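Here the structure comes first, spelled out in structure tokens, and everything after it is commentary.
Below, read A as the first sequence line, B as the second, and so on, with proteins coming before strands; counting in each chain starts at 1. From a predicted model like this one, the values you see are computed outputs, not experimental measurements.
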Number of protein chains: 2
Amino acid sequence: MATASRALANHPHVATATRARVLAAAEELAYVVSPEASRLAGGATDRVGVVVPHISRWFFAAMLDGLEAVLRDADLDVLLYHVGDAADRHDFFRRLPARRKVDALVVIGLPVDEPERERLALMGVHIVAAGGQIENYPYVCIDDAAAGRQAVDHLVFLGHRRIGMIATLDPEQPDWPVAPGRTRAYAEALTEAGIPADPALTVTVPWGGVSGADAMSRLLSLRTPPTAVYAHSDEVAFGAVRTLRRAGLRIPEDISVVGIDDHPHAELADLTTVAQPVRRQGELAGRMVLRLLGGEADGDGITVPTRLVVRGSTAPPARRSTWPPARRRPAAR
Amino acid sequence: MATASRALANHPHVATATRARVLAAAEELAYVVSPEASRLAGGATDRVGVVVPHISRWFFAAMLDGLEAVLRDADLDVLLYHVGDAADRHDFFRRLPARRKVDALVVIGLPVDEPERERLALMGVHIVAAGGQIENYPYVCIDDAAAGRQAVDHLVFLGHRRIGMIATLDPEQPDWPVAPGRTRAYAEALTEAGIPADPALTVTVPWGGVSGADAMSRLLSLRTPPTAVYAHSDEVAFGAVRTLRRAGLRIPEDISVVGIDDHPHAELADLTTVAQPVRRQGELAGRMVLRLLGGEADGDGITVPTRLVVRGSTAPPARRSTWPPARRRPAAR
DNA sequence: ACCAACTTTGGAAGCGTTTCCGGAGCTGCG
DNA sequence: CGCAGCTCCGGAAACGCTTCCAAAGTTGGT
């Protein structure tokens, strides 16, 4: 038994012939080591837990995709934990369902507060944060403030002075801070450009396309609507675009729209946006896990760069005289 | 130990007071049963494997979302296996990485052939197919042919006679049959409507928005382009829409577009489509797993209904005289 | 008051590995 | 030719549970 165990585990001190014999027998019997017994006897679980607040949103799915790829390559299994609303969240940190089941935990885009961190510590495993802004753990993310600046600065550069912002919050957890950097960026960019702040130009809605559409409606209901809109995320921007179309406004002639993320549909919708390498971040988080598991010290965290992708949804504002748009036309569609 | 075990497992024959004492102690020590040891000693793994060919595509992510929800509710863990390209696939079925690690396996939207089925049988666990057309296992899916008919029949009903089809194949596995029912439906609908088949009107491309755009370009390059296009999936339809917009064609006045899936963006893009309850299918698959694990006999499989969702991308064809469109206008955007 | 039947408890035997350790066989050097 | 020092191999303990079984304690009917 001992020898077979060594042979299967590829340990030294097994004669080549013997090893071959063991392997052959295993093949013949379609034998695989029982992971349970193996772990019981000492090894690691070879499993990594991944916690996501939303599974079917592109951002999280893409992140998971990258993560899974590198973990799978390292022969680690991925255990998926969906922590959607506040109840799930509470339950997750109280029961710690991943306890004793994983060697490491990756938390995707989910702020973790101090009491929660204490609970996680109980698990006694490595923790990596991806797509979030948790400084307490090694992390991989973008600089939200920088990304926001790229978006808003672009609008400012084009000459816009009346810029609206559609900010988002998590529909399930309205009190979470979702990317506060993106909001901060807006304020800073305007201040720096000497544009006075107008609270009416900021609309905060739950994340989602339909919400984005509503938000845009609200902006259009202002006596003087903005000439450009900065949305916290592409999906929200898509919604805004729908409202503008329905209103018969032309993009970008009448109003510019910029998003963040570079969602695959942004290309199809010709949306100017700030691209972030989502899948890549997942991969990097995976590598980070591997390194941690390999015993290397915690890296400091990685911030990946974002970049403005200019498409057809932004342009300089129409000259003063043409606003509101001269000739109203029927919806283009 | 025996008593504690029973108390923790909620088995009978433990005095209420004793049980309480055990639970209290466990709480105090932040103790959790070691799943490994527990399984070793006899239990199930309480884990379900999920095999998906694409993680970040909405369809698969939504399916996974529903599945995870019901499995999590039943306190089962979800082990994620991404089987993307042919190499992954080969490797998965050869090594069976989920072997001995799960009590059941859910295969999402992935045809499995006979030799592969033999390999899976080796795992000796329940298998459920979701979103695919595998009759060999209990399954949950839609009737692709019926969905296709709903889409094409709608176009026919509107009066279209020249209807194009954008069919898709899996970019990673060009030889897989992807929803052959959707193709069959097209042929049947046309035949039934007495419309002669024109092979030039069918374009097959790898799945994806950009591919859809290319496909539409090809259709537009025909001497007489179609007056309506049936896309196998919404994402492909989005691409087609982009091409049409760039060509300055109006939807639906100049050309109608219909997709399948009811992707969340379909609503935002005002795309007529055939809706299928994706998340729901995941949930149903999850329930099916639960039932199987509970020892109930294999159900026969469930086919969930689809329904046409009419939005703004379809309309009766322009009268003959106006095709090609009378006044070419600049791109509407 | 006695016995059958039941409830509750704890002892002990696995479950399938890994790893420590000692023994057997071989090699090479003095 | 003898012995130190290797390489291999296998016995056995340990990992942390679950469950079978027997023992002890309780209850209720007669």
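- Looking at the side chain of Val33(A), the nearest of the listed nucleotides dC17(D), dT17(C), dT9(C) is dT17(C).
- Rounded to whole Å, atom C1' of dG10(D) lies 16 Å from atom CG of Leu8(A).
- Ala15(B) comes within 4.0 angstrom of sugar-phosphate atoms only, judged by non-hydrogen atoms across all strands, and of no base.
- In terms of phosphate contacts, Arg100(A) brings a side-chain nitrogen or oxygen within less than 4.0 Å of OP1 or OP2 of dC17(D).
- Across every non-hydrogen atom of Ile108(B) and Pro53(B), the tightest pair is O-CD, 3.1 Å.
- One can place CE of Met1(B) at 12 Å from P of dG10(C), the figure rounded to the nearest angstrom.
- Within the 4.0 angstrom heavy-atom criterion, only backbone atoms of the sugar-phosphate kind lie near Ser38(B); the bases stay farther away.
- Listed nucleotides: dC8(D), dC17(D), dT18(C). Nearest to the side chain of Ala41(A): dT18(C).
- Between His11(B) atom NE2 and dT7(C) atom P the separation is 16 Å, expressed in whole Å.
- Across all strands shown, Val32(A) has heavy atoms under 4.0 Å from sugar-phosphate atoms exclusively, and none from any base.
- Note that CG of Asp91(A) and CZ of Arg89(A) are 12.5 Å apart. Values are rounded to the nearest 0.5 Å.
- No hydrogens or angles were tested; on distance alone, a donor-acceptor pair under 3.5 Å links the side chain of Arg6(B) to the base of dG10(C).
- Heavy atoms of Ser34(A) sit under 4.0 angstrom from primed sugar atoms or phosphate atoms, though from no base atom.
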